[in-house]
Amino acid sequence: MKTADTIFALSSGAPPAAIAIMRISGPAAFDILRGLSGRVPSPRRASLCSLYSPETQEILDQALVLVFPGPDTATGEDLVELHLHGGRAVVRAVENTIASFPGARRAEAGEFTRRAFASGRMDLNEAEGLADLLSAETEWQRRAAAKMFGGAFSTAIEDYRQDVLQLSARTEAELDFSDEGDVESQHNGAITNICEELRQKMLQLLASPSAEKLKDGLRVVLAGPPNSGKSTLLNALVGREAAIVSDIAGTTRDMIEVPVAVEGVALLFTDTAGLRDDSADVIERIGIDRSHAAMQQADILLWLGAEGAGPTHANLIEIAAKCDIMVNAEKSADAITVSAQTGAGIAELLHLVAARAKTLLPPPDQFAINARQRAYLEDAATALAACSDSADWLIIAENLRQARRALDALTGRAHTEELLDTIFGKFCVGK
């Protein structure tokens, strides 16, 4: 990324639209605006400007223009927003004209946000929160992403980092100056006790549900013997014909996955092959093996088999299906009675699944940490545990340094270009 370049991109939705917002960021942003309109309006006030081609003096559009002088901007640089009419030809003409200015180029994916990170306007955790906010499809995802983007997690990590810095300073002082009269020697137990308290706080965060569950959806698996009504129930739950329904045993041979949002929670409903021990069909046997694996990986298991025949699962919901045509005498009293044909009990089952799912997700007023954040937080907690287990000042000092490195990597103080490319490559071009 060439930070000396001035970048531009369409930041609103693809045209045609009522309005198209073009962002220009970099050292030549104001010069480009002056070349387009002949002036640079007052900062942070919407101004109506006519935009012209510098070469032909042909009018391109009349636009509302907003000017933001750096460094107090979204990117930390001089920033211009052009609120254009949203026709394709208008947007294309303005883009081509901006590209003709020296030093201007089209932005790469996520480059505006990457410049915000480079200028200290946000750290990596806030950037990832913004990416999740932009891709959020459910209310639960939006609220967790907003917390991360708002800096709730970064604030906690910075508090941990300051605590580790203070512990490191005390440890280094003990190592370097304990033989001098003006430095009070201390017992290392006081420091290791604080390390353990700090580690426990990190473990509480690590014990919370992962962001991947929130983003990808909790896996809700429908399982049971052949012809128990799994595929019919799946279709009723997701509101469309996602699975083939037949009275022939073994019709479903592979898993069918359907993502659905229920009460603001992302779920991944999974239909599985019917479970039986007497199948001689090799393909069906493979499907049955996959069914068993899916049941083990399920966050919530909807069991349509007989009471006592199902697997042990922390979140098993027994289903008494086909209540319109049969009596489910083999089901327990706790079974949820439904009919996919008449719709009886379907709404109640969806509500129960959503309620159970919400207990497996972070509370809606909290952030959720992803795999990258979890790995570095685990490294920091492991280093602090090593501090607690040692009585050697040198070992304590080294492990505090390791904890500090992990926390720095969390926020982006220590990073690699490959990591940044991966994170910011998730953004759209205009962000």
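Pro209 and Ala368 get closest at one heavy-atom pair: O-CB, 4.3 Å. In plain terms, the two heavy atoms of Ile59 and Gln62 that are nearest each other are CD1-CG, 4.5 Å. Of all heavy-atom pairs between Glu172 and Ala397, the closest is OE2-CB, 3.8 Å. For Ala294 against Met255, the heavy-atom pair with the smallest separation is CB-SD, 3.4 Å. Closest of all the heavy-atom pairs between Pro69 and Pro43 is CD-CB, 3.6 Å. Of all heavy-atom pairs between Arg39 and Cys49, the closest is NH2-SG, 3.4 Å.
The backbone N or O of Ala104 lies less than 3.5 Å from no partner atom in the side chain of Thr6, so there is not a single donor-acceptor pair. Thr97 contributes no side-chain N or O that, together with a main-chain N or O of Ser53, makes up a donor-acceptor pair within less than 3.5 Å. Proximity of a side-chain donor or acceptor of Thr192 to a complementary backbone N or O of Ser388 within less than 3.5 Å is not detected. Between the Gln366 side chain and the Pro363 main chain, no donor and acceptor come within less than 3.5 Å of each other. With hydrogens and angles ignored, the 3.5 Å screen pairs no side-chain donor or acceptor of Asp78 with any backbone N or O of Pro27. Here the side chain of Thr411 pairs no donor or acceptor atom with the backbone of Asp123 at under 3.5 angstrom. Side chain of Ser339 to main chain of Thr342: a donor-acceptor pair is present (N/O by atom type, distance under 3.5 Å, no hydrogens or angles). Although no hydrogens or angles enter the test, the distance criterion places a donor-acceptor pair under 3.5 Å between the side chain of Glu212 and the main chain of Ala371. Proximity of a side-chain donor or acceptor of Asp392 to a complementary backbone N or O of Leu394 within less than 3.5 Å is detected.
A salt bridge links Glu263 with Lys358: the distance from a Lys NZ or Arg NE/NH1/NH2 to an Asp or Glu carboxylate oxygen falls below 4.0 Å. Arg405 has no carboxylate O lying under 4.0 Å from a charged side-chain N of Asp408, or vice versa, which leaves the two without a salt bridge. A salt bridge links Asp72 to Arg121: at least one charged side-chain nitrogen sits closer than 4.0 Å to a carboxylate oxygen. Looking at Arg23 and Glu111, no side-chain N of the basic residue comes within less than 4.0 Å of a carboxylate O on the acidic one, giving no salt bridge. A salt bridge links Arg401 with Glu398: at least one charged nitrogen is closer than 4.0 Å to a carboxylate oxygen.
Counting only heavy atoms from C-beta outward, the side chains of Met295 and Leu275 approach each other to under 4.5 Å. The shortest side-chain heavy-atom distance between Ser168 and Arg404 falls under the 4.5 Å cut-off. Taking 4.5 Å as the limit, some side-chain heavy atom of Leu410 sits within range of a side-chain heavy atom of Phe153. Within the 4.5 Å cutoff, the side chain of Asn370 has heavy atoms near those of the Glu128 side chain. With a 4.5 Å cut-off on side-chain heavy atoms, Leu82 and Leu36 count as touching. The shortest side-chain heavy-atom distance between Leu350 and Ile346 falls under the 4.5 Å cut-off. Within the 4.5 Å cutoff, no side-chain heavy atoms of Leu384 are placed close to those of Tyr160. The closest side-chain heavy-atom distance from Arg106 to Phe8 is below 4.5 Å.
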Exercise. Would Leu377 and Ile157 satisfy side-chain contact (heavy atoms from CB on, under 4.5 Å), going step by step from the backbone distance to the final call?
Worked result: CA-CA 9 Å; Leu377 197 58; Ile157 296 305; 4.0 Å; yes
For this session: Starting from the C-alpha separation in whole Å, work towards a yes-or-no answer on side-chain contact (heavy atoms from CB on, under 4.5 Å) for Arg161 and Leu165.
Result: CA-CA 6 Å; Arg161 182 175 176 276; Leu165 280 172; 3.6 Å; yes
For this session: Start with the C-alpha distance between Lys201 and Asp159, add both sets of side-chain angles, then the distance that settles side-chain contact (heavy atoms from CB on, under 4.5 Å), and finish with yes or no.
Result: CA-CA 11 Å; Lys201 293 179 182 179; Asp159 289 342; over 6 Å; no
For this session: May I have the step-by-step check of side-chain contact (heavy atoms from CB on, under 4.5 Å) for Ile24 and Ile98, ending in yes or no?
Result: CA-CA 9 Å; Ile24 310 171; Ile98 294 174; 3.7 Å; yes
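Crowding of His351 atom NE2: a count of heavy atoms from other residues, nucleotides or ligands under 6.0 Å not exceeding 12. For CD of Gln57, the number of neighbouring non-hydrogen atoms (other residues, nucleotides, ligands) closer than 6.0 Å is greater than 12. In this structure, Glu137 places its CD atom where only 12 or fewer heavy-atom neighbours from other residues, nucleotides or ligands lie under 6.0 Å away. Counting non-hydrogen atoms of neighbouring residues, nucleotides and ligands closer than 6.0 angstrom, the NE2 atom of His313 exceeds 12 such neighbours.
Atom CG of residue Leu301 and atom CG of residue Leu316 lie 5.0 Å apart, to the nearest 0.5 angstrom. In this structure, the separation between CG on Leu206 and CD1 on Ile369 is 5.0 Å, given to the nearest 0.5 Å. Here the straight-line distance linking atom CG of Leu218 with atom CG of Asp299 works out to 4.5 Å at 0.5 Å rounding. Between the CD1 atom in Ile194 and the SG atom in Cys387 there is a gap of 11.5 Å [rounded to 0.5 Å]. Arg142 CZ to Lys147 NZ: the interatomic distance, rounded to the nearest 0.5 Å, is 11.0 Å. Note that the CD atom of Gln402 and the CG atom of Asn399 stand 7.0 Å from one another [nearest 0.5 Å].
For the side-chain contact (heavy atoms from CB on, under 4.5 Å) criterion with Val353, the lone passing option out of Val265, Leu302, Leu237 is Leu302. No option in Leu60, Leu10, Asp61 other than Asp61 meets the side-chain contact (heavy atoms from CB on, under 4.5 Å) test with Leu84.
Gln166 and Gln162 share no side-chain donor-acceptor pair at under 3.5 Å. Side-chain contact, Gln200 with Glu196: a donor N or O sits under 3.5 Å from an acceptor N or O.
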